[in-house]
Amino acid sequence: MGRYNPKEVEPRWRKVWDEADLYATREDGDREKYYVLEMFPYPSGKIHIGHVRNYAMGDLIARFKRAQGFNVLHPMGWDAFGMPAENAAMQTGGHPKDWTYANIEVMRDQLKQMGLSIDWSREFATCDPEYYAHQQKLFLDFWAAGLVERRESYVNWDPVDMTVLANEQVIDGKGWRSGAPVERRKLSQWFLKITDKADDLLDALDDGRLDGWPENVRTMQRNWIGRSRGLKMRFAYTACETAPDGTTGLEIYTTRPDTLYGASFCAVAPDHPLALAFAKGDKAVEAFIADCQRAGTSEEAIEKAEKKGHPLPLSVDHPFIDGKKLPVFVANFILMGYGTGAIFGCPAHDQRDLDFARKYGLEVTPVVLPADADPATFTVGDEAYTDDGSIFNSDFLDGMNVPDAIDASINRIEEMEQGEATTQYRLRDWGVSRQRYWGCPIPAIHCDTCGVVPVPAEDLPVRLPDVAAEEFNTPGNPLDRAEDWKNVTCPKCGRPATRETDTFDTFMDSSWYFARFAAAREDVPVDKARADYWLPVDQYIGGVEHAILHLLYARFFTRAMKDTGHLSVDEPFANLFTQGMVTHETYLDPDETKKLKDRWILPDDVIRKDDTIVWEKTGEPVIVGAIEKMSKSKKNVVSPEAIAETYGADAARWFMLSDSPPERDVEWTEGGIVGAWKLMNRIWETVEAGEGLLAQNDLGVVPAELDDPSMALRRATHSAIDGVTDDIENFRFNKAIARIYEFVNALRKAEGAHDWVRAEALGSLTQLIAPFTPHLAEECWACLGREPFVCDVPWPSADPGLLVDDTVTLAVQVNGKRRGEISVPTDASKADAEKLALADPDVMRHTEGKTVRKVIVVPGKIVNIVVG
RNA sequence: GCGGACGUGGUGGAAUUGGUAGACACAACAGACUUAAAAUCUGUCGAUCGUAAGAUCGUGCCGGUUCAAGUCCGGCCGUCCGCACCA
């Protein structure tokens, strides 16, 4: 007897599991497969509580499915390339590689301490040449398949990190990592043609292929891809054949060709070729463009920015109205990156166009009439009319609704050979070049004679050269200066050439790792047969912060890998679950003379005294700040190591899964972890009281004639099995935990129950907690004298006969208000229930002297008596 | 502005297709045990009135449907998330 001692118990069981090699997985045709994967961690140094929550969920699912008889794959790896390693190298004078692998060593140990059922034989880091060699091969295959493009383009340049960012990595005009305002630069860049797959990426969101994904993630991806159907058309220049940029007409894009009759001007983006061409000979145009480019791109700047334009010295002909000319402006609100960078303006039905037209005195002709408006008097004031209606003032379109008019105008423009229907995307191709050392080298060679040449497959991998530590303290990319590595001969012509010195965006590394786990040691990127067995991932679990970037890239990669014969699936993740963050209170030093960033105090350094929280150092109260996501900057972090040391890994896992629904944020509190710890002890104590009770896995037949307390415990056992199973299957871990609490409470009150029933209850309890708290469960299982291992025992099933009682309590309402309750046999007829309800004294007090007009009986639930 | 999620005790949160609102836990309070504390155990715990039995009110606000609404419908208010001068 004695308290449960996780410090001794947990390592002991992990050793036993290790020696039995329990969690190594092989392909096995007899059992159905189940692939559960949590987003792999970046080896930043130590695991944090967020990891604990993420991996506790994944391990819960893995163990649950394993007990249900599935052949479970549950692997782990490291997303190991990336800038923090270079920053650390800069600060410590070391090498990114040493820093990264040292962190992996530490974090692997920490993860192992959590008692996860992971197949460590499949572990890899993305910075292993054995991994990135295959990534280079995939890239070469994509290149050959036409999915890669090298082009000169404006890029988002992060001046702090000195690298290019993908559009997805620019948030509010700032770098996603550095927070520095992003600059525009023109560079030659590698692109993956994700827009080639835009339609399928979008369609799969709605055609059932991603039914296992949360709606919010699908919506985010839908918005991000941003498909719109419209018309690309040319407006002929009035009285001139060609413009200074060499074009013979202005090509615009519109989704509202139905409003063509309301057009009153055209406008182009400040960096549109036409505008730039005019700027060369026109100081005013040049000045206007420069002015536009100076304006910020932040959200605020855009919102406040006034619609501004500058006329260009030419006009265009209206396609439908003979003799009507439209002026052409350069305007600050047109984006070069969307459509053709040019529009026609219809002020009556677009707010931006209206603002612009009012400012420059352009005509406003309404052409869409609201349903109840009078065509003779309808005008547009300061608000554009953007809803549906019937077309008027528009010749052949008059009387149509908006969708019909859109079709009709497109047809007419196509007949006139002035344009065609097209689809536009907000999504742009994925720029994958990064001017960094610590990434996967791009396998390409630049030759003056042959141009850009792929590295031959047999020369892979292109390994990162070892460079001296001081290289990381020099601005720019160390690969640019690694002369021995950089200078090669051209594989085509044999003349001197140079390697590509950019490396891949690290999001590429995480875009296919799930497929590599199927056969992590094979000498091909993906072993097709084994990948066909394991993929898709049946359950993927991670943070919602990856809803767009990582998940979209992985979906694209999977399609590209299918095109190039590496995979057979086109969606990588059949079911996705996005878990909430772990938050914590923040504490502030009240001394306001200090800078804010120096005032945050660690939770470990404060003490709760009655109602106030004081700083250990001074004994003075601290300011209790908001409950926020744990972050190093606000110091509101707790160390999983310290928690495990004090309470054990099981208690930490349990707490992270209790209370809050898994998709919601959970607040880390001292009270919460203590509560979990108390339960560990309570379970242990309860099981220990039944030590060796019927020490066998198979209890045999149920004894006949059990007394009432025994029957009650059996019912509690089976309803716990039923409820917990259902809750786990539906990701309601907090409810599953609540049911286990109820079951434990029932079990502790049932000491007089029959031994057989107690043995059944204790065994079931142990099995039910096993996916949550594997060490404790194994210890309990051994204590009961059952055969190891509980994690390999089939999941218990509930006897449906024990889920219903033979009597049931019905609430009785009078006029919808609860006035009493009656106990009736479960199979009682409606008439019997009605009779009993009407005879109940509590009910009769409210029906006395009144006429019963109606009685509604819902079997098993409620009786409602309507009186008047 | 567009799209999505949500709003329940002091707190985290339960409530399957409309059918006993507040499961389970945290905090708080009272009691038992103890020299004492911790731990553990028992009890109370939405609000108001009442010694009690009980009554009335109560799921962001207003209205509606229904025998019955946290749940459905209409209209507001508020919070969070994503996108955003996307033509």
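Chain A is the first sequence line, chain B the second, and so forth, proteins listed ahead of strands; every chain is numbered from 1.
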Novice: Just so I know, are the side chains of A/Leu657 and A/Pro662 near enough to count as touching, which here means a heavy-atom distance under 4.5 Å?
Specialist: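 Heavy-atom side-chain distance check fails, nothing below 4.5 Å.
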Novice: So A/Arg227 and A/Asp203, salt bridge (charged side-chain N to carboxylate O under 4.0 Å, His left out) or not? Walk me through it.
Specialist: CA-CA 10 Å; A/Arg227 177 165 64 193; A/Asp203 292 342; 3.1 Å; yes
Novice: Could you check which of B/rC86, B/rG82, B/rG4 has an atom nearest any side-chain atom of A/Tyr338?
Specialist: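 When the side chain of A/Tyr338 is considered, B/rC86 is the closest of B/rC86, B/rG82, B/rG4.
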Novice: So do the side chains of A/Ile865 and A/Arg819 get within less than 4.5 Å of each other, counting heavy atoms only?
Specialist: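 No, side chains not in contact.
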Novice: Please list each protein N or O that sits under 3.5 Å from an N or O in nucleotides 68-76 of chain B, with the distance.
Specialist:
none

Novice: Taking the C1' atom in each of B/rG58 and B/rG22, what is the distance between them to the nearest angstrom?
Specialist: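 These two C1' atoms come out 11 Å apart once rounded.
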Novice: Answer with yes or no whether A/Lys735 presents, from its side chain, a donor or acceptor under 3.5 Å of a partner atom in the base of B/rC24.
Specialist: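 Side chain to base: no pair below 3.5 Å.
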Novice: Side-chain N or O of A/Asn734 less than 4.0 angstrom from OP1 or OP2 on B/rA14?
Specialist: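 Yes, within the criterion.
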Novice: Ignoring the backbone of A/Ala811, work out which of B/rU20, B/rG13, B/rA87 is nearest its side chain.
Specialist: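 Nearest to the side-chain atoms of A/Ala811, counting from C-beta on, is B/rU20.
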Novice: What's the closest nucleotide to the side chain of A/Ala738 if the choices are B/rG13, B/rC24, B/rC85?
Specialist: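 Per side-chain heavy atoms of A/Ala738, the pick is B/rC24.
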Novice: Which is true for A/Val858 with a 4.0 Å heavy-atom rule: it touches a base, it touches only sugar-phosphate, or it touches nothing?
Specialist: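 Base, at least one base atom sits under 4.0 Å.
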Novice: With a 4.5 Å heavy-atom cut-off, do A/Ile673 and A/Ile643 have their side chains touching?
Specialist: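 Yes - at least one pair of side-chain heavy atoms lies under 4.5 Å apart.
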Novice: Do A/Lys308 and A/Tyr360 have side-chain heavy atoms sitting under 4.5 Å apart?
Specialist: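 Counting from C-beta outward, A/Lys308 and A/Tyr360 do come under 4.5 Å.
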Novice: B/rA5 phosphate, OP1 or OP2: any side-chain N/O from A/Arg664 under 4.0 angstrom?
Specialist: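 Checking A/Arg664 against B/rA5: no side-chain N or O falls below 4.0 Å of OP1 or OP2.
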Novice: Counting side-chain heavy atoms from CB outward, which of B/rG82, B/rU20, B/rC67 is closest to A/Asn223?
Specialist: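 My answer, after comparing the listed nucleotides, is B/rG82.
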Novice: With heavy atoms under 4.0 Å as the rule, sort A/Asp726 into base, sugar-phosphate or nothing.
Specialist: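 Contact class for A/Asp726: none.
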Novice: Pick the C1' atom in B/rA14 and in B/rC2, then give their distance to the nearest Å.
Specialist: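 Their C1' atoms lie roughly 34 Å apart.
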Novice: For the residue pair A/Lys817 and A/His846, establish whether any side-chain heavy-atom pair is separated by less than 4.5 Å.
Specialist: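 Side chain of A/Lys817 against side chain of A/His846, heavy atoms only: no contact under 4.5 Å found.
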Novice: Show me the donor-acceptor pairs, under 3.5 Å and distance only, between side chains in residues 259-274 of chain A and residues at least two apart or in other chains.
Specialist:
residue, atom, partner, partner atom, Å
A/Thr259, OG1, A/Arg256, O, 2.8
A/Tyr261, OH, A/Asp395, OD2, 3.4
A/Ser264, OG, A/Glu363, O, 3.1
A/Asp271, OD2, A/Arg184, NH2, 3.2
A/His272, ND1, A/Leu274, N, 3.0

Novice: Starting at the 5' end of RNA chain B, which residue's closest nucleotide do you reach first, A/Lys861 or A/Thr254?
Specialist: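 Whichever sits nearer the 5' end wins; that is A/Lys861.
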Novice: Please measure how far the C1' atom in B/rG18 lies from the corresponding atom in B/rU56, and state the result in whole Å.
Specialist: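 Comparing C1' positions in B/rG18 and B/rU56 gives a spacing of 24 Å.
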Novice: Quick one: label A/Ile334 by what it contacts on the DNA or RNA (base, sugar-phosphate, nothing), any heavy atom closer than 4.0 Å.
Specialist: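 Base: the residue A/Ile334, judged by heavy atoms under 4.0 Å, touches a nucleobase.
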Novice: Taking the minimum atom-to-atom distance to the side chain of A/Leu335, which one of B/rC86, B/rG19, B/rG13 wins?
Specialist: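 Looking only at side-chain atoms, A/Leu335 lies closest to B/rC86.
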Novice: So do A/Tyr253 and A/Ile343 actually touch side chain to side chain, heavy atoms under 4.5 Å?
Specialist: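 A/Ile343 vs A/Tyr253: side chains apart.
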Novice: Going by side chain to side chain contact (heavy atoms under 4.5 Å, CB included), A/Lys232 matches just one of A/Thr422, A/Thr423, A/Ile252. Which one?
Specialist: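 Single pass found, and it is A/Thr422.
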Novice: Using a 4.0 Å heavy-atom cut-off, does A/Thr809 contact any base of the nucleic acid, only the sugar-phosphate backbone, or nothing at all?
Specialist: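 Contact class for A/Thr809: base.
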Novice: So if I apply the side chain to side chain contact (heavy atoms under 4.5 Å, CB included) rule between A/Asp258 and each of A/Leu231, A/Ile406, A/Val367, which one comes out positive?
Specialist: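 Passing option: A/Ile406.
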Novice: With respect to the side chain of A/Tyr741, which nucleotide from B/rU20, B/rC24, B/rC67 is positioned closest?
Specialist: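 Taking heavy atoms from C-beta onward, the closest nucleotide is B/rC24.
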Novice: Around A/Asn730, counting heavy atoms of other residues, nucleotides and ligands shown, do more than 12 lie under 6.0 Å from its CG?
Specialist: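 Counting other residues, nucleotides and ligands, CG of A/Asn730 exceeds 12 neighbours.
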Novice: Distance check, P atoms only: B/rU35 and B/rG54, in whole angstrom units.
Specialist: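 It comes out at 42 Å once rounded to the nearest Å.
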Novice: What's the gap between B/rA23 and B/rA55 when it is taken at their C1' atoms, as a whole Å value?
Specialist: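 It works out to 26 Å between them.
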Novice: NA contact type, A/Arg256, heavy-atom cut-off 4.0 Å: base, sugar-phosphate, or nothing?
Specialist: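 Sugar-phosphate, backbone atoms only, no base.
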Novice: Of A/Gln351, A/Arg352, A/Arg358, which meets side-chain hydrogen bond (donor to acceptor under 3.5 Å, both in side chains) against A/Asp355?
Specialist: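 Of the listed options, the one satisfying the test is A/Gln351.
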Novice: Do other residues, nucleotides or ligands put more than 12 heavy atoms under 6.0 Å from the NZ atom of A/Lys7?
Specialist: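 Result for NZ/A/Lys7: open.
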Novice: Hey, does the side-chain of A/Asp659 have a donor or acceptor N/O within less than 3.5 Å of a partner on the base of B/rG12?
Specialist: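 For A/Asp659, whose side chain was compared with the base of B/rG12, there is a donor-acceptor pair (under 3.5 Å).
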Novice: On the nucleotide B/rA87, are OP1 or OP2 found under 4.0 Å from the side-chain N or O atoms that A/Tyr253 carries?
Specialist: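 For B/rA87, neither OP1 nor OP2 has a side-chain N or O of A/Tyr253 closer than 4.0 Å.
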Novice: If you measure from the P atom in B/rU20 to the same atom in B/rG70, how many Å do you get, rounded?
Specialist: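 B/rU20 and B/rG70 have their P atoms separated by 10 Å.
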Novice: In whole angstrom, what separates A/Glu834's CD from B/rC67's C1'?
Specialist: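 Checked: the CD to C1' distance equals 13 Å.
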Novice: What does the list of N/O pairs under 3.5 Å between the protein and nucleotides 78-81 of chain B look like, with a distance for each?
Specialist:
none

Novice: Between the protein and nucleotides 51-60 of chain B, list the N/O to N/O atom pairs that are separated by less than 3.5 angstrom.
Specialist:
residue, atom, partner, partner atom, Å
B/rA55, OP1, A/Arg819, NH1, 3.2
B/rA55, OP1, A/His846, NE2, 3.3
B/rU56, OP1, A/Arg819, NH2, 3.4
B/rU56, OP2, A/Arg819, NH1, 3.1
B/rC57, OP2, A/Lys817, NZ, 3.3

Novice: Tell me what A/Glu742 touches on the nucleic acid: a base, only sugar-phosphate, or nothing, going by heavy atoms under 4.0 Å.
Specialist: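 Sugar-phosphate: the residue A/Glu742, judged by heavy atoms under 4.0 Å, touches backbone atoms but no base.
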Novice: In terms of side-chain geometry, is the basic nitrogen of A/Asp726 or A/Arg732 positioned less than 4.0 Å from the acidic oxygen of its partner?
Specialist: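 A salt bridge links A/Asp726 with A/Arg732.
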Novice: Between B/rU40 and B/rU34, how far is it from one C1' atom to the other, in whole Å?
Specialist: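 Rounded to whole Å, the distance is 11 Å.
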Novice: Contact class for A/Arg853 vs. all strands (heavy atom < 4.0 Å): base, sugar-phosphate, or nothing?
Specialist: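 Since no nucleic acid heavy atom lies under 4.0 Å of A/Arg853, the category is nothing.
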Novice: Taking the P atom of each, how far is B/rC62 from B/rU71, in whole Å?
Specialist: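 It comes out at 13 Å once rounded to the nearest Å.
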Novice: Per the ring pair (Phe, Tyr, Trp, His ring centres under 6.0 Å) rule, which among A/Trp677, A/Phe772, A/Phe733, A/Trp668 passes with A/Phe655?
Specialist: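 The passing option is A/Trp668.
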Novice: Quick check on A/Glu215: does its CD atom have over 12 non-hydrogen neighbours (other residues, nucleotides or ligands) under 6.0 Å away?
Specialist: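 Yes, the 6.0 Å shell around CD holds more than 12 heavy atoms from other groups.
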Novice: Would you sketch RNA chain B in dot-bracket for me? Only Watson-Crick or G-U wobble pairs with both distances under 3.5 Å count, crossing pairs as [ ], other-strand pairs as |, the rest as dots.
Specialist: (((((((..(((......[....))).(((((.......))))).((((....))))..(((((..]....))))))))))))....
Novice: For A/Val666 and A/Phe344, take the nucleotide of RNA chain B holding the closest heavy atom to each; which residue's nucleotide lies nearer the 5' end?
Specialist: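 Checking each residue's closest nucleotide, the 5'-ward one belongs to A/Val666.
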Novice: Each nucleotide N or O in nucleotides 37-41 of chain B that has a protein N or O under 3.5 Å away: list the pair and distance.
Specialist:
residue, atom, partner, partner atom, Å
B/rC41, OP1, A/Arg748, NH2, 3.1

Novice: For B/rG18, is chi within 90° of 0 (syn) or not (anti)?
Specialist: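 Because its glycosidic torsion lies more than 90° from 0, B/rG18 adopts the anti conformation.
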Novice: Between A/Arg426 and B/rA84, is there a contact of a side-chain N or O with OP1 or OP2 at under 4.0 Å?
Specialist: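 Yes, because at least one side-chain N or O of A/Arg426 sits under 4.0 Å from OP1 or OP2 of B/rA84.
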Novice: Determine whether the side chains of A/Asp429 and A/Thr195 contain a donor N or O and an acceptor N or O closer than 3.5 Å.
Specialist: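 Yes, a side-chain donor-acceptor pair sits under 3.5 Å.
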